[in-house]
Colleague: 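Pasting a structure here, questions to come.
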There are 2 protein chains.
Amino acid sequence: MNKQGEKPVSNTERAIAELRRLVFSGELAAGSDHLESELAEMLGMSRTPVREAARTLESQGLLELRARKGVRILSVSPDDMREIYDVLTELESLAAERAAEQGYSANELQDLAAAIADMDHALDQRDLEAWAQADDRFHSELVRLGRNSRVLAITAMLGDQVRRARAVTLFMRPLPIQSNRDHQGVYEAILRGDYTAARNLHRAHRQQARDMILDLLERHRLRQL
Amino acid sequence: MNKQGEKPVSNTERAIAELRRLVFSGELAAGSDHLESELAEMLGMSRTPVREAARTLESQGLLELRARKGVRILSVSPDDMREIYDVLTELESLAAERAAEQGYSANELQDLAAAIADMDHALDQRDLEAWAQADDRFHSELVRLGRNSRVLAITAMLGDQVRRARAVTLFMRPLPIQSNRDHQGVYEAILRGDYTAARNLHRAHRQQARDMILDLLERHRLRQL
DNA sequence: GCGTTTTTTTACGTATACGCTATTATCATG
DNA sequence: CATGATAATAGCGTATACGTAAAAAAACGC
């Protein structure tokens, strides 16, 4: 008899999840190469599911399969960052607009509000890791509220691609005080159904964030993350 | 001795290309299921490269791998169309804006202009297939000029997803006269570097196209394509 | 000692084999 | 005849095997 919530997760799925984790944690460093057989042994399975997982992660832009040279973990250049932030700006602004059109109640927006509250709290504590986590929650919740599964999938994918880079810039940037104010403004616009304001506020917020990050990378001469 | 341009294309790559073709041509109908072994035999290779190809196409949203039920070709609902057109609207508008910022010469925009000319010509001839092809060229060239490889990849992927549906609506819609005028306006805005106009014009163009298509699907009660 | 050719090795791409589970078919029973 | 239990089957998920081409190493000539 199986337990109720038990899902028979395949090795391929486990490989996908585990490889992602290894990439984000830096255990598989950006730019490094790894033999399929090494990864397979590392994950305690054969090459077959590892290769399938790698194919999936390849189309998500996290790594690259190179004949006879194994799997290469992709690094992110400032130019990649600009591309990604540009796309995130557009799609999240769309999400904000659509979210505002839905006529959500304060109750339905409580996760969004909670993320903002957590960010404020984290900022008071000067806990940047906690702030970043709450910021992620704000953005992903915003996208969820926009009700477009493609936008959700794409922003999640691009979020993955910049995760490593953001971990670096997090401690170089000024305290995100303005960022918190922006989020509050977006939240209020969504609550009162002002879709134009929601869109424009979030758009401006994202553009500022992009410029700030790119400026940081430039000044610190960070070419590859 | 190998010929110069000869590329040793792998079976997996061939499978990806061939499966796409079969999906677009309708030989693999939307919503239909296919055993991996059937597809493998059809393509003259073993299941291994077919599965890898299927994994790739799965993350591109063309099909789905279902345990013990084979590969299911995904169909596109009106709601999917709305989602996809919304994303295309945002990302192509961004591309138009960025293209206008590059300061391209008329020479560099000749492919874009050629696509417009071809559309006009096709319209005169009442050749809708040719028009659709030129329209595709316009949109993909516009995205190329926007110089963002993520936008390029995403719009190509979404374009694939709506290809079948568009083949149906093509002969239901009114003659795309306004569409051709819109394209001309976007082209001119890009040429004179008016990025705001380029963005707004293309955005409006895409939104109209979306509304028109969704209206068509609704009126003809087309729930699944 | 250095460049070039030959040999060896390595690691991928793909075919193949097989177990396991979901599904279907068969059959017993009320 | 319907329903549930049991057996048979099918088809995926994954391990394994192997050919091949590229890369590395070794041998060779200059």
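Proteins get letters first, then strands, A, B, ... in listed order; numbering begins at 1 in each. These numbers come from the heavy atoms of this one structure, side chains and all, not from hydrogens, waters or symmetry mates.
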Colleague: Measure from CZ on Arg51(A) to P on dT16(D) and round the result to the nearest Å.
Modeller: 17 Å
Colleague: Should Arg150(B) and Leu91(B) be marked as a side chain to side chain contact (heavy atoms under 4.5 Å, CB included) after you check the CA-CA gap, both sets of side-chain angles, and the distance that decides it?
Modeller: CA-CA 10 Å; Arg150(B) 268 85 182 173; Leu91(B) 297 188; over 6 Å; no
Colleague: Do any N or O atoms from the side chain of Ser105(B) and from the backbone of Glu108(B) form a donor-acceptor pair under 3.5 angstrom?
Modeller: yes
Colleague: Compare every heavy atom of Gly61(A) with every heavy atom of Leu74(A), then report the nearest pair and how far apart it is.
Modeller: CD1-O, 3.6 Å
Colleague: Looking at residues at least two apart in the chain, or sitting in another chain, which of them share a ring-ring contact (aromatic ring centres under 6.0 Å, His included) with His34(B)?
Modeller: none
Colleague: Could you tell me how the ring of His183(A) sits relative to the ring of His205(A): parallel (under 30°), tilted (30 to 60°) or perpendicular (over 60°)?
Modeller: perpendicular
Colleague: Donor-acceptor pair, Thr89(B) side chain versus Tyr85(B) backbone, under 3.5 Å?
Modeller: yes
Colleague: Can you pull out the residues from residues 52-75 of chain A that lie within a 4.0 Å heavy-atom distance of DNA chain C?
Modeller: Ala67(A), Arg68(A), Gly70(A)
Colleague: Find the distance Arg47(B):CZ to dT14(C):P and express it as a whole number of Å.
Modeller: 15 Å
Colleague: Within the structure, does a side-chain N or O atom of Thr12(B) lie under 4.0 Å from either OP1 or OP2 of dT14(C)?
Modeller: yes
Colleague: Taking atom CZ of Arg223(A) as the centre, does the number of heavy atoms from other residues, nucleotides or ligands within less than 6.0 Å exceed 12?
Modeller: no
Colleague: Show which side-chain atoms of residues 39-51 of chain A pair as donor or acceptor with protein atoms under 3.5 Å away, not counting sequence neighbours.
Modeller:
from	atom 1	to	atom 2	distance (Å)
Ser46(A)	OG	Thr48(A)	N	3.4
Arg47(A)	NE	Glu36(A)	OE1	3.1
Arg47(A)	NH2	Glu36(A)	OE1	3.1
Arg51(A)	NE	Glu52(B)	OE2	2.8
Arg51(A)	NH1	Glu36(A)	OE2	2.8
Arg51(A)	NH2	Glu52(B)	OE1	3.1
Arg51(A)	NH2	Glu52(B)	OE2	3.1

Colleague: CD of Glu13(A) versus C1' of dC12(D): gap in Å, rounded?
Modeller: 13 Å
Colleague: What I'd like to find out is whether the side chain of Asp80(A) reaches to under 4.5 Å of the side chain of Gln161(A), using heavy atoms alone.
Modeller: no
Colleague: Between dG13(D), dA15(D), dT14(C), which one does the side chain of Pro49(A) approach most closely?
Modeller: dA15(D)
Colleague: Please report, to 0.1 Å, the donor-acceptor pairs under 3.5 Å made by any side chain of residues 207-218 of chain B, with sequence neighbours excluded.
Modeller:
from	atom 1	to	atom 2	distance (Å)
Arg210(B)	NH1	Asp86(B)	OD1	2.6
Asp215(B)	OD2	Arg219(B)	NE	3.2
Asp215(B)	OD2	Arg219(B)	NH2	3.1

Colleague: Can you confirm whether Glu64(B) is buried at CD, in the sense that more than 12 heavy atoms of other residues, nucleotides or ligands lie under 6.0 Å from that atom?
Modeller: yes
Colleague: Kindly calculate the angle separating the two end axes of the helix from dG1(C)-dC30(D) to dG30(C)-dC1(D), each obtained from five base pairs, and round it to 10 degrees.
Modeller: 0°
Colleague: Can you list, in residue-number order, the parts of residues 33-41 of chain B that come under 4.0 Å of DNA chain C, counting heavy atoms only?
Modeller: none
